[in-house]
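The structure appears below as C-alpha cells.
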Amino acid sequence: MPEISEDASLVGAAQRGDRAAFGALYQRYARMVHGVLLARVPVGDVDDLVHDVFLIALKRLSALHEARSFGPWLAAIARNLASDYYRRSVPEDQLSDDESAVDAASRQSSAPNTSAEVLEAVRGLPEAYRETMILRLVEGMTGPEIAARTGLTHGSVRVNLYRGMQQLRARLSPMSNRTAEQETP
Amino acid sequence: MDTGNPQEKRENISDYLWDGSGEPDPEVQGLEALLGRFQHTRPAHIFPAIAPQPRGAWIPWRIRWVPMLMTTAAAVIIVAVTTFSLRSNKSTPVNLAGWGVSVVEGMPQLDLGTVSSQKSPRLVVGQALQTDQASRASLRAADVGQIDVEANTRLRLLTMGAGLQRIALDRGTIHARIWAPPGQFVVDTPSALTVDLGCIYTLHVDDSGAGLVRTSMGWVGFTLNGHESFIPAGAACATRPKIGPGTPYFEDASPKLQMALARLDFEDRTPQQRATDVTIILGESRKRDALSLWHLLARVDAADRLKVYDRLQKIAPSPAGVNREGILRLDQPMLDRWWNELGFDDISTWRRWEHSWPEATPGRTR
C-alpha cells in the first residue's frame with residue numbers, strides 16, 4: 001500500500017513541524033472530511049467545519065502514534081465534530097427535516113430543490129451507507145480511494161455502495177413518480 | 001477476485017460505480033451531475049505554524065511538572081472515587097450505549113425480561129440476549145453493523161466502545177453484517193475468537209462449543225491460543241474447543257478435500273494418518289484451494305511441508321522475495337507476502353489488528 005506509506009511519511013514530517021507536509025495531507029484528505037461532514041451537517045456549515053477538523057488535527061497530531069491510521073483518525077475527528085455541532089446547536093433529528101434540508105445553498109439551485117432533494121435522500125440513508133455514498137457521488141472519490149482514506153476494506157465499501165444505491169433508488173422512485181405525475185397534463 | 005459465491009455476485013456493483021471505469025452507468029452519472037455541486041472546492045486556509053515535537057524533548061518538561069501532575073492526579077482520583085461511591089449507592093445508571101434490539105419472531109429474552117416488554121430495548125455491556133426455538137431477534141448499532149440472531153442462540157455484550165466491540169456467542173447462530181472498520185468487531189466463542197475484517201458472515205456454535213464460520217463477503221479472522229485462520233468470501237472454517245480454528249476451505253472444494261482437512265485438523269492422531277490426508281488434500285487441490293494449502297504450511301510437519309510447498313508453488317507461484325528455505329522455516333514476512341499474492345485481501349489489516357490487541361493473540365502460530 002504505497003499511498004498509506006506516503007501518508008505515514010507526510011504525517012511524520014508534519015509532526016516534525018513541516019507545514020508543507022500538513023498542506024499535502026489537507027489536499028489529500030479534504031474531500032473525505034468534507035464528505036463525512038456533509039453526511040451529517042447542513043451544507044452551509046460544512047466548509048467551516050472542514051477547516052475546524054484540520055485545525056483540531058493539527059493540534060493533536062503529536063498524539064497520533066500510528067501514522068498509517070491518519071485517515072480513520074481524521075474521519076473520527078470529523079464525525080465527533082459533527083456530533084458536537086448538534087450538541088451545540090440544533091437537535092440531530094432536524095437533519096432530515098425539510099427546513100434544514102433546503103438550506104441556503106440549495107435554495108439557489110437552478111433546478112429548484114432537485115439537487116437538494118437528492119442530497120437529502122442520500123443523507124436519509126442508514127449512517128453506514130450515506131457516508132460512502134456521499135464520498136462516491138458528491139466528492140467523486142472512487143471505491144478504492146474511499147477504502148484507502150477511511151480505513152474501510154474494499155469489501156465494506158462495495159457493500160455500502162451496493163446497498164446504498166438500492167436504498168437510494170427506493171427513496172427516489174416515489175420522487176420521480178411524483179414529478180412525472182405533476183408533468184402529466 | 002470472483003469466488004463464484006452466489007451471495008457475493010448478488011452484492012456486485014458496476015465497475016463505473018466502483019471506480020469510474022468501464023461503461024458509464026447513466027443512473028450514477030445522473031446522480032453525480034446533480035450532486036457534484038455540493039463537492040468540496042474551497043482551497044486550504046492558512047494553517048498556523050506547527051510546533052515540532054523533537055524526540056525526548058518531553059522528558060525535562062515532565063520532570064519539571066511531576067509534583068504538580070501528581071497532586072492533580074491525586075485530586076482527580078479522590079473526586080472519581082467519591083463520585084463513584086455516591087453513584088453506586090443510587091439505582092444503577094441507565095447505559096444509553098449498546099445495541100438496539102428488535103424482535104423478529106417470538107419472545108427473545110433480554111437479561112431477565114422479554115425484549116417486547118421493554119421500551120426501546122438495548123443490549124448493554126454485561127447483558128445477555130437469548131432466543132428459544134420459537135424466537136429470533138435482530139441487533140443494530142449505527143456505527144458497527146447489524147446482527148441477526150437465529151433461534152436457540154445466547155449471546156452477551158462484553159465490550160462496547162474504544163475501537164473494539166466484543167460479543168460472546170455462547171451457542172446458536174448469528175448472521176453479522178459489519179460496517180465498522182476492520183478489526184473492531186470481535187466475537188468470542190468457546191473455541192475461537194472471530195475478528196471481522198470488513199464483511200458479512202454467519203457464525204454457528206453448537207452445544208459442545210464447536211464453531212463454524214461461513215463468509216459471504218469480505219473476510220474474517222479466526223484465532224485461538226495463537227492459532228489463526230483467514231476466511232475469505234465463499235470459504236468456511238470450523239473450530240473445536242481446546243484445538244482452535246481448523247484449516248479454511250472454499251465451500252465448492254471437493255468433498256474428499258474437505259473431509260481430509262477435517263480429519264487432519266481434528267481427528268488424525270498418527271503421522272501415517274496425517275501423511276495420508278495431506279496426500280489426498282494435495283491431490284484434490286485446485287488453484288483456488290491455495291487458500292487451504294497456504295494455511296497448511298504451518299500446520300504440517302517438515303516432511304509434509306515440503307510437499308505442500310511444491311503443490312502451492314505449482315498452483316499459485318510465490319512472488320519475488322519468497323523462497324523455499326524461508327517458507328520451510330515459516331518465515332513470517334515471506335508467508336505474509338505469499339498470502340498477499342493469493343489475491344484474497346491484504347494481510348497487513350490483520351497484522352495491524354494483532355498489534356492493536358496483542359492480548360487477543362498471545363504466542364501466535366498459524
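Computed over heavy atoms, backbone and side chain alike; hydrogens, waters and symmetry mates excluded. Residue numbers begin at 1 in each chain, while the letters A, B, ... track the order of the sequences.
Counting heavy atoms from C-beta on, the side chains of R140(B) and P126(A) come closer than 4.5 Å. Under the 4.5 Å side-chain criterion, counting only non-hydrogen atoms from C-beta, Y162(A) is not in contact with L17(B). Using a 4.5 Å heavy-atom cutoff, the side chains of V159(A) and M217(B) are in contact. When side chains are defined from C-beta on, W18(B) does not count as touching T142(A), because their heavy atoms never get closer than 4.5 Å.
Using a 4.5 Å cut-off between heavy atoms, I134(A) makes no contact with chain B at all. For V122(A), the part lying under 4.5 angstrom from a heavy atom of chain B is the side chain only. Heavy atoms of P144(A) lying under 4.5 Å from chain B belong to its backbone as well as its side chain.
Rounding to the nearest 0.5 angstrom, the gap separating the CG atom in L34(B) from the OG1 atom in T114(A) is 6.5 Å. Remark: R123(A) CZ to F38(B) CZ distance equals 8.0 Å, nearest 0.5 Å.
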M165(A)/I13(B) under side-chain contact (heavy atoms from CB on, under 4.5 Å): CA gap, chis, key distance, verdict: CA-CA 9 Å; M165(A) 275 302 290; I13(B) 59 174; over 6 Å; no
side-chain contact (heavy atoms from CB on, under 4.5 Å) between L31(B) and L168(A), worked out: CA-CA 10 Å; L31(B) 289 167; L168(A) 185 61; 3.8 Å; yes
Test log, rule side-chain contact (heavy atoms from CB on, under 4.5 Å), inputs R136(A) and V28(B): CA-CA 10 Å; R136(A) 173 66 188 88; V28(B) 177; 4.2 Å; yes
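Between the side chain of S115(A) and the main chain of L35(B), no donor-acceptor pair closer than 3.5 Å is present. Side-chain atoms of E139(A) never come within 3.5 Å of backbone atoms of Q39(B) as a donor-acceptor pair (strictly under, hydrogens ignored).
In this pair, H34(A) and H40(B) present their aromatic rings tilted. The plane angle is within the 30 to 60° band.
In the displayed structure, R31(A) atom CZ is contacted under 6.0 Å by more than 12 heavy atoms of other residues, nucleotides or ligands.
Sorted by first and then second residue, the pairs that involve residues 21-31 of chain B and meet salt bridge (charged side-chain N to carboxylate O under 4.0 Å, His left out), not counting sequence neighbours, are R169(A)-E27(B).
Taking H175(B) as the reference, nothing meets the ring-ring contact (aromatic ring centres under 6.0 Å, His included) condition, with sequence neighbours excluded.
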